[in-house]
Structures are given as C-alpha cells and as structure tokens.
Amino acid sequence: MEPASLENLSVLYHSADYIVVNKHWDIRIDSKMWYEKQTVQHQLKHHFPSLADPGTYYGFRFCHQLDFSTSGALCVALNKAAAGNAYRCFKDRLVTKAYLALLRGTVEEETMTLNFAIGKNTAEGKTHMMCIEGTEECENPKPSQTELSVLEYGKYDGEPVTKVLLQPLTGRTHQLRVHCSAVGHPIVGDYTYSLGQDNSPYRMMLHAYFLHIPLPKEPIHVTAPDPFLPHIDTKWASERLVKTVQGALEDLLNCSKEESQPPAETPPEEMRSSAAETEEQRVQCQQWLSEWSLD
C-alpha cells in the first residue's frame with residue numbers, strides 16, 4: 001500500500017505499439033498544471049523517455065480514462081496508428097472491461113443489471129459530480145448500463161461490505177460510482193459520492209481488473225492483480241465466498257462471446273448502413289487523432 005511515486009510504475013504489457021500499466025490509486029493520468037509532477041504521464045516519461053512523442057502535449061496517447069481515485073489496467077498507445085486502432089475498438093464498443101470493488105453494505109442480489117441514465121449534476125456545489133435521471137438539476141442524462149456480480153461478503157474495518165465484479169456496458173463519467181451509489185451500496189472510500197462522509201479508508205476501493213482490446217493484429221488481454229485481498233489490506237475480512245474472481249470473469253467473457261456472435265445473414269440494406277457508419281467512424285477517428293497532436 002505504498003504511495004505513488006515516479007519510480008513506482010507497474011507494467012502489465014509492453015509491445016512496439018502499446019503499454020498497459022497498473023495505475024496507482026490517487027494519481028492523475030495527466031495534467032496541464034506545471035507544478036503537478038505526480039502523474040502517469042510523468043511516470044512513463046521517467047521510465048521510457050525514448051518513447052515519448054514530442055508531437056503531443058502529454059508525450060503519450062492514453063487510449064481511455066481512469067479516475068484519479070481508481071487503480072488498475074490503463075492502456076497507452078505509442079504512435080498515431082496504434083491510437084487509431086484502439087480508438088476504433090472503443091468507439092465500436094468491442095472492448096471488454098471489468099472492475100473489482102468493495103461496496104458498502106450487503107448486496108442481496110448476487111447478479112444485477114444496473115440501468116440508470118446518467119447526466120451532469122448542475123446543482124450548486126455538485127457540478128463536479130454526475131447524477132441519475134430523476135435527480136433534481138440532472139442535466140442531459142444518457143442511457144447507462146452496468147452488470148454487477150457478487151463475489152464475496154465480508155467486513156471492512158468491522159463494517160459490512162460486499163466484494164463485486166462490475167462490467168460497464170457504456171462509458172459514462174463516474175458510471176460505476178454513480179450506479180453503485182444509486183442502489184444504496186456506494187463504493188468504500190468514495191469521498192465524492194458519499195458527500196464527504198466516507199473518508200476513513202486510505203483509498204477508494206475501485207480497481208480496473210481486466211481489459212481486453214480485440215485489436216486485429218495485436219489483441220490485448222490483461223489483468224491487473226487484485227488489490228482487495230486480506231494479506232494486502234488487513235482491514236478487509238472475507239466471510240463468505242459466492243464466486244471466485246476468475247469464475248465471474250469467465251461467465252462475463254462467455255456472455256460477451258454469445259452477444260457478439262454475428263447474424264447468419266446480413267440484409268443488403270443493413271450492409272449499406274454498416275458501411276456508412278464505418279466511414280463516419282473513420283472521419284471521427286481522424287478528428288480524434290488530430291486533437292491529440294493539438295492538445
């Protein structure tokens with residue numbers, strides 16, 4: 001449980017085109033503030049100075065985001081072409097992600113689908129937060145879905161908690177934090193969505209455990225070691241195992257495979273629609289890449 005530092009960078013995967021790191025908790029991915037030196041961007045420059053691209057503001061192209069408080073698998077592209085390929089996978093919703101979390105209380109249902117549209121909270125003093133549809137001053141809520149699977153029941157620092165595997169099927173800001181809070185089981189240590197009440201744990205207990213990016217030539221398939229184990233954090237005590245992490249992950253991947261099976265025949269009109277979408281995505285991808293170099 002040592003704090004983040006420039007030296008403390010764990011690499012899960014490294015090739016000519018990508019690096020996947022196990023991001024520390026309570027560290028930003030990047031920052032434009034000159035005084036903020038404790039970022040993943042600076043860690044990468046420290047460990048891999050020759051791989052930094054001077055044509056980008058940050059030196060590295062992050063394929064996706066993780067919150068400041070969230071740890072786990074974070075993919076970085078090392079050139080424009082690699083970034084474009086990864087972007088297409090994310091844009092087409094081909095990427096599979098799964099998170100581990102400790103939630104406050106006892107989650108009664110062992111599997112749940114959380115369907116709450118998420119929007120921007122415009123209430124005074126809460127503009128840094130997101131909210132679910134129906135909340136007062138919730139602006140522009142968009143459909144959001146998360147699959148939840150209970151792994152273990154136990155206690156954290158003497159209080160009842162549930163260890164879960166979460167799969168976000170959409171990618172809204174703070175989605176997992178908002179969805180868990182919405183069903184009455186906020187993430188342990190989530191200071192923001194507990195409105196400042198849950199401030200005793202040393203970190204927020206949310207970890208990006210699994211990442212699969214089905215790149216055509218180089219599929220990325222990584223896991224970031226589970227940090228929520230009694231020998232790592234002695235305040236966590238498991239009392240009843242429902243399903244192993246590996247078992248829950250295999251169930252998740254099997255469901256993903258079934259849902260991704262292509263139809264036997266594609267009508268001509270649908271093929272034309274698909275081609276138009278691909279062209280649109282290509283244009284969006286080019287715009288995204290140009291923004292990286294201008295940022």
List the residues meeting side-chain contact (heavy atoms from CB on, under 4.5 Å) with Ser71, not counting sequence neighbours, and say none if there are none. Trp25, Arg203, His207
Can you sort out the partners of Thr135 under side-chain contact (heavy atoms from CB on, under 4.5 Å), two or more places apart, ordered by chain and number? Cys131, Ile132, Cys138
Are Val11 and Leu51 co-members of a hydrophobic cluster defined by side-chain heavy atoms under 4.5 Å apart? yes
In terms of hydrophobic clusters joined by side-chain contacts under 4.5 Å, are Tyr191 and Tyr99 together? no
Identify the residue among Arg104, His174, Arg177 that makes a side-chain hydrogen bond (donor to acceptor under 3.5 Å, both in side chains) with Asp190. Arg177
Lys/Arg-Asp/Glu bridge criterion (N-O < 4.0 Å) met for Lys80, Asp53: no
Verify the distance criterion only: is there a donor paired with an acceptor across the side chains of Glu7 and His46 at less than 3.5 Å? yes
Contacts of Asn22 meeting side chain to side chain donor-acceptor pair (under 3.5 Å) (sequence neighbours excluded), chain-then-number -> none
Shared-cluster residues of Val222, by chain and number - hydrophobic side chains joined below 4.5 Å: Leu12, Tyr13, Tyr18, Val20, Phe90, Val95, Leu211, Ile213, Leu215, Ile220
List in chain and number order the residues that pass salt bridge (charged side-chain N to carboxylate O under 4.0 Å, His left out) with Asp17, two or more places apart in sequence or in another chain; answer none if no residue qualifies. none
Could you walk me through whether Lys155 and Glu239 pass salt bridge (Lys or Arg N to Asp or Glu O under 4.0 Å), step by step? CA-CA 8 Å; Lys155 287 187 169 62; Glu239 296 181 339; 3.3 Å; yes
Taking distance alone, no hydrogens or angles, what donor-acceptor pairs closer than 3.5 Å link side-chain atoms of residues 158-173 to residues at least two apart or in another chain?
| unit_1 | atom_1 | unit_2 | atom_2 | d |
| --- | --- | --- | --- | --- |
| Thr162 | OG1 | Gly105 | O | 2.8 |
| Thr162 | OG1 | Val107 | N | 3.1 |
| Lys163 | NZ | Asp226 | OD2 | 2.6 |
| Lys163 | NZ | Phe228 | O | 2.9 |
| Thr170 | OG1 | Gln145 | N | 3.0 |
| Thr170 | OG1 | Gln175 | OE1 | 2.7 |
| Thr170 | OG1 | Gln175 | NE2 | 3.3 |
| Arg172 | NE | Pro143 | O | 3.0 |
| Arg172 | NH2 | Pro143 | O | 2.9 |

With a distance cut-off below 6.0 Å to the six-membered ring centre and an angular limit of 45° from the axis, does Arg28 pair with Phe68 as a cation-pi contact? yes
